[in-house]
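Right, one structure below, let's go through it.
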Amino acid sequence: RRARQWCRRHSDPPGTPRPVARVKRHSDVPVVTWTLIGICFLVWVGEWLSPQVGEAVVLAPRVGFTEPWRFVTSMFGHALSIFHIGFNMYALWALGRSLEPFLGRARFLAAYLMSGLGGGALFCLMATADGGRAILPNVDDGVVGASGANLSLIHISGPPSPLYSS
């Protein structure tokens with residue numbers, strides 16, 4: 001193999017431009033985005049078929065800290081409305097097809113998961129015993145969906161704030 005490379009390098013006529021570096025290009029298919037959409041869709045179908053699945057994926061502040069897996073499962077569960085999952089998956093697709101190639105698969109997945117976990121944690125931390133007179137969530141209110149993660153991805157993909165530019 002080295003002999004072939006040496007021959008190619010030294011067989012070019014003088015003045016022929018050579019590549020400075022090779023760039024490893026990933027596929028243009030946003031694999032992580034499509035995988036997340038598939039998981040969300042399968043969980044949504046499971047919620048339609050079994051009420052136990054729907055109850056298992058809901059994150060409520062009262063049970064969130066005793067059953068910590070709900071912070072993850074709530075990112076993949078959705079309300080049974082086709083509009084809820086449809087809008088969330090459209091937003092994930094629209095954001096993922098540009099952000100995943102830019103950030104890379106691992107960073108995009110980490111950003112999505114950390115955003116979803118952060119959204120769930122913030123929801124639980126804001127909860128009050130009486131619901132804050134209908135402004136804050138009650139400790140028994142539940143939340144599902146990818147909205148928290150999607151909104152964070154919108155923030156990540158947006159232009160930098162003028163406050164931080166010099």
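By convention here, the first residue in the shown sequence is residue 1. Computed from a prediction, not measured in an experiment: that's the story for all the values here.
- Residues Val58 and Val72 are members of one and the same hydrophobic cluster, defined by side-chain heavy-atom contacts under 4.5 angstrom among Ile, Leu, Val, Met, Phe, Trp and Tyr.
- In plain terms, the two heavy atoms of Cys124 and Pro61 that are nearest each other are SG-CA, 3.6 Å.
- By the ring-ring contact (aromatic ring centres under 6.0 Å, His included) test, Phe87 is found to be paired with no residue, residues two or more places apart in sequence or in another chain being considered.
- Pairs engaging residues 94-118 under the ring pair (Phe, Tyr, Trp, His ring centres under 6.0 Å) rule: none recorded [sequence neighbours left out].
- A donor-acceptor pair is defined here as one N or O able to donate and one able to accept, closer than 3.5 Å; no such pair exists between the side chain of Arg105 and the backbone of Val32.
- No side-chain heavy atom of Met75 sits under 4.5 Å from any side-chain heavy atom of Val57.
- The hydrophobic clustering, which links ILVMFWY residues whose side-chain heavy atoms are closer than 4.5 Å, places Val144 and Val63 apart.
- Minimum heavy-atom separation, Ala111 to Ile156: CB-CD1, 3.9 Å.
- One N or O on the side chain of Trp44 and one on the backbone of Ala79 form a donor-acceptor pair closer than 3.5 Å.
- For the ring-ring contact (aromatic ring centres under 6.0 Å, His included) test, no residue two or more places apart in sequence or in another chain qualifies with Phe123.
- With a 4.5 Å cut-off on side-chain heavy atoms, Leu36 and Leu109 count as touching.
- At a threshold of 4.5 Å between non-hydrogen side-chain atoms, the residues Asn88 and His78 count as touching.
- Between Thr66 and Arg62, the closest heavy-atom pair is OG1-O, 4.2 Å.
- When all heavy atoms of Gly64 and Phe71 are compared, the closest pair comes out as O-CE1, 3.0 Å.
- Atoms CG and OG, from Leu99 and Ser157 in turn, are 5.0 Å apart once rounded to the nearest 0.5 Å.
- Clustering ILVMFWY residues whenever any of their side-chain heavy atoms sit less than 4.5 angstrom apart, transitively, puts Ile37 in the very cluster that holds Phe83.
- Atoms CG and CD, on Leu59 and Glu67 in that order, are 10.0 Å from each other to the nearest 0.5 Å.
- Cluster membership check: Met114 does not share its hydrophobic cluster with Leu125, using side-chain heavy-atom separations under 4.5 Å among Ile, Leu, Val, Met, Phe, Trp and Tyr.
- Here the side chain of Ser50 pairs no donor or acceptor atom with the backbone of Glu47 at under 3.5 angstrom.
- Using a 4.5 Å heavy-atom cutoff, the side chains of Thr33 and Arg97 are not in contact.
- Ring geometry for Trp93 versus Tyr90: interplanar angle of 30 to 60°, hence tilted.
- Summarising the geometry, atom NE2 belonging to His84 is positioned 4.5 Å from atom OG belonging to Ser147; distances are rounded to the nearest 0.5 Å.
- Of all the heavy atoms in Gly96 and Pro101, the pair that sits closest is O-CD, 3.6 Å.
- Taking hydrophobic clusters as Ile, Leu, Val, Met, Phe, Trp and Tyr residues chained together by side-chain heavy-atom distances below 4.5 Å, Ile85 does not share a cluster with Leu42.
- Looking only at side-chain heavy atoms (C-beta outward), Ile154 and Leu151 come within less than 4.5 Å of each other.
- Taken from CD in Glu55 to CD in Gln52, the straight-line distance is 6.0 Å, to the nearest 0.5 Å.
- Within the 4.5 Å cutoff, the side chain of Leu49 has no heavy atoms near those of the Val53 side chain.
- In this structure, Ser74 OG and Trp69 CH2 are separated by 12.5 Å, a value rounded to the nearest 0.5 Å.
- Considering only heavy atoms from C-beta on, Leu92 comes within 4.5 Å of Leu153 through its side chain.
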